[in-house]
Amino acid sequence: MQDENTANPPCILRNTLDFQFQIAWQLLDLHLTGLQDEEFFWRPASKGLHVYRESGIWRAEWPESEEYDIGPPSISWLTWHITYWWTMVLNHSFGNGAMTRNDIHSAGSVQEARERMNDLRLRWEREAAALTDDAFLSTERTKWPFTDQPFHKLSAWLNVELMKNAAEIGYGRFLYAVNRK
């Protein structure tokens, strides 16, 4: 007897991607637990991606390259990066597709960052769950950061980005802990 996953390949994809997403989210949540604003805004090196306040709005620096010599990012920049790519995917896949990087501001506190990421998580789960199997396999909603790929590949990319950024936040916390002793 076949279970529902064996009988329906899109269901297998959904279940696997949701499993990966839940693990990545748990890692992010682990690294955000107990995080305070001082650590959130701490810079691990004099050079590296960070956020800054301009006319009352928190903005994120944008790298000119992805070379190692740009330096390590701050945790505040990493949380902005999560809200950036997630907001862009949601807007381009389920909205009007008009948002750009400059429309996405950084959070002014760790609490605000957590709230934004939780909101994005809930919206992502709701939108992805509402997709039909055909839409999940279609390229129609895959518009940013790449096109002409099935939506399930965009979902896989999001899982990888979330896991990567969660790991970077964890590494930043290790650096903060040893630099404060």
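- The hydrophobic clustering, which links ILVMFWY residues whose side-chain heavy atoms are closer than 4.5 Å, places L49 and Y68 apart.
- Listed here is the closest heavy atom pair of F146 and K153: CZ-O, 4.2 Å.
- Distance check: W86 CH2 to W124 CH2 gives 9.0 Å after rounding to the nearest 0.5 Å.
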Could you give me the CA-CA distance, side-chain angles and deciding distance for S155 and F136, then say whether side chain to side chain contact (heavy atoms under 4.5 Å, CB included) is met? CA-CA 9 Å; S155 296; F136 196 66; 4.0 Å; yes

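- Considering only residues two or more places apart in sequence or on other chains, D133 meets the salt bridge (Lys or Arg N to Asp or Glu O under 4.0 Å) condition with R14.
- The salt bridge (Lys or Arg N to Asp or Glu O under 4.0 Å) test applied to E125 returns R121, not counting sequence neighbours.
- Among residues two or more places apart in sequence or in another chain, the salt bridge (Lys or Arg N to Asp or Glu O under 4.0 Å) test is passed with E127 by R123.
- Partners of E54 under the side-chain hydrogen bond (donor to acceptor under 3.5 Å, both in side chains) rule, at least two apart in sequence or in another chain, are R59.
- Cluster annotation: I104 is not connected to L122 through the hydrophobic network of ILVMFWY side chains, with a link wherever side-chain heavy atoms come within less than 4.5 Å.
- Legend: salt bridge (Lys or Arg N to Asp or Glu O under 4.0 Å) pairs involving residues 71-82, not counting sequence neighbours: none detected.
- Taking a 6.0 Å sphere around CZ of F19, one finds it holds 12 or fewer heavy atoms contributed by other residues, nucleotides or ligands.
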With a 3.5 Å cut-off and sequence neighbours excluded, list the donor-acceptor pairs that the side chains of residues 28-36 form with protein atoms.
residue : atom : partner : partner atom : Å
D29     : OD1  : R114    : NH2          : 2.8
T33     : OG1  : D29     : O            : 2.7

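- Partners of F94 under the ring pair (Phe, Tyr, Trp, His ring centres under 6.0 Å) rule, at least two apart in sequence or in another chain, are F151.
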The test is side chain to side chain contact (heavy atoms under 4.5 Å, CB included); show your working for L154 and Q149 and say whether it passes. CA-CA 7 Å; L154 179 62; Q149 295 292 322; over 6 Å; no

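- Checking Q26 against Q22 by side-chain atom types alone, no donor-acceptor pair falls below 3.5 Å.
- Here F21 contributes atom CZ and L158 contributes atom CG; the two are 8.5 Å apart, rounded to the nearest 0.5 Å.
- Rounded to the nearest 0.5 angstrom, S74 OG and R43 CZ are separated by 6.5 Å.
- Annotation: ring-ring contact (aromatic ring centres under 6.0 Å, His included) contacts involving residues 161-181, sequence neighbours excluded, comprise W42-Y176.
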Under the side chain to side chain contact (heavy atoms under 4.5 Å, CB included) criterion, do T142 and S93 qualify, and how do the steps go? CA-CA 6 Å; T142 309; S93 295; 6.0 Å; no

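- Ring pair W80/W77 is tilted by interplanar angle, where 30° to 60° counts as tilted.
- In the hydrophobic clustering of this structure, M99 groups with W85; members are Ile, Leu, Val, Met, Phe, Trp, Tyr whose side-chain heavy atoms approach within less than 4.5 Å, directly or through other members.
- Heavy atoms only, all atoms of each residue included: L27 and A167 are closest at CD2-N, 4.2 Å.
- Put simply, CG on L17 and NE2 on H152 are 8.0 Å apart, with the number rounded to the nearest 0.5 Å.
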Full working for ring-ring contact (aromatic ring centres under 6.0 Å, His included) between W144 and Y84: CA-CA 12 Å; W144 187 96; Y84 162 66; 5.5 Å; yes

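- Between the side chain of N91 and the backbone N or O of G97 there is at least one donor-acceptor pair closer than 3.5 Å.
- Side-chain atoms of T16 never come within 3.5 Å of backbone atoms of L13 as a donor-acceptor pair (strictly under, hydrogens ignored).
- Nearest heavy-atom pair across A107 and F41 is O-CZ, 4.2 Å.
- Across all their heavy atoms, P72 and P44 have their closest contact at CG-CG, 3.8 Å.
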Would N118 and W25 count as a side chain to side chain contact (heavy atoms under 4.5 Å, CB included) here? Give the steps. CA-CA 10 Å; N118 279 323; W25 184 262; 3.0 Å; yes

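- Other residues, nucleotides and ligands place more than 12 heavy atoms under 6.0 Å from the CG atom of N102.
- Looking at residues two or more places apart in sequence or on another chain, you find no side-chain hydrogen bond (donor to acceptor under 3.5 Å, both in side chains) involving R141.
- Contact annotation: the side chain of L120 never approaches that of I82 to less than 4.5 Å [non-hydrogen atoms, C-beta and beyond].
- Counted by atom type alone, E168 and N165 present one or more donor-acceptor pairs between their side chains at under 3.5 Å.
- Interatomic distance, M117 CE to T87 OG1, rounded to the nearest 0.5 Å: 11.0 Å.
- Every residue two or more places apart in sequence or in another chain was checked for a salt bridge (Lys or Arg N to Asp or Glu O under 4.0 Å) with K47, and none qualifies.
- Within the model, atoms OG1 of T139 and CG of D148 stand 6.0 Å from one another, a figure rounded to the nearest 0.5 Å.
- Counting only distance, with no hydrogens or angles, the side chain of E61 and the backbone of V51 share no donor-acceptor pair below 3.5 Å.
- Residues satisfying the side-chain hydrogen bond (donor to acceptor under 3.5 Å, both in side chains) criterion with E112, sequence neighbours excluded, are R116.
- With sequence neighbours excluded, the residues forming a side-chain hydrogen bond (donor to acceptor under 3.5 Å, both in side chains) with D103 are T100, listed by chain and number.
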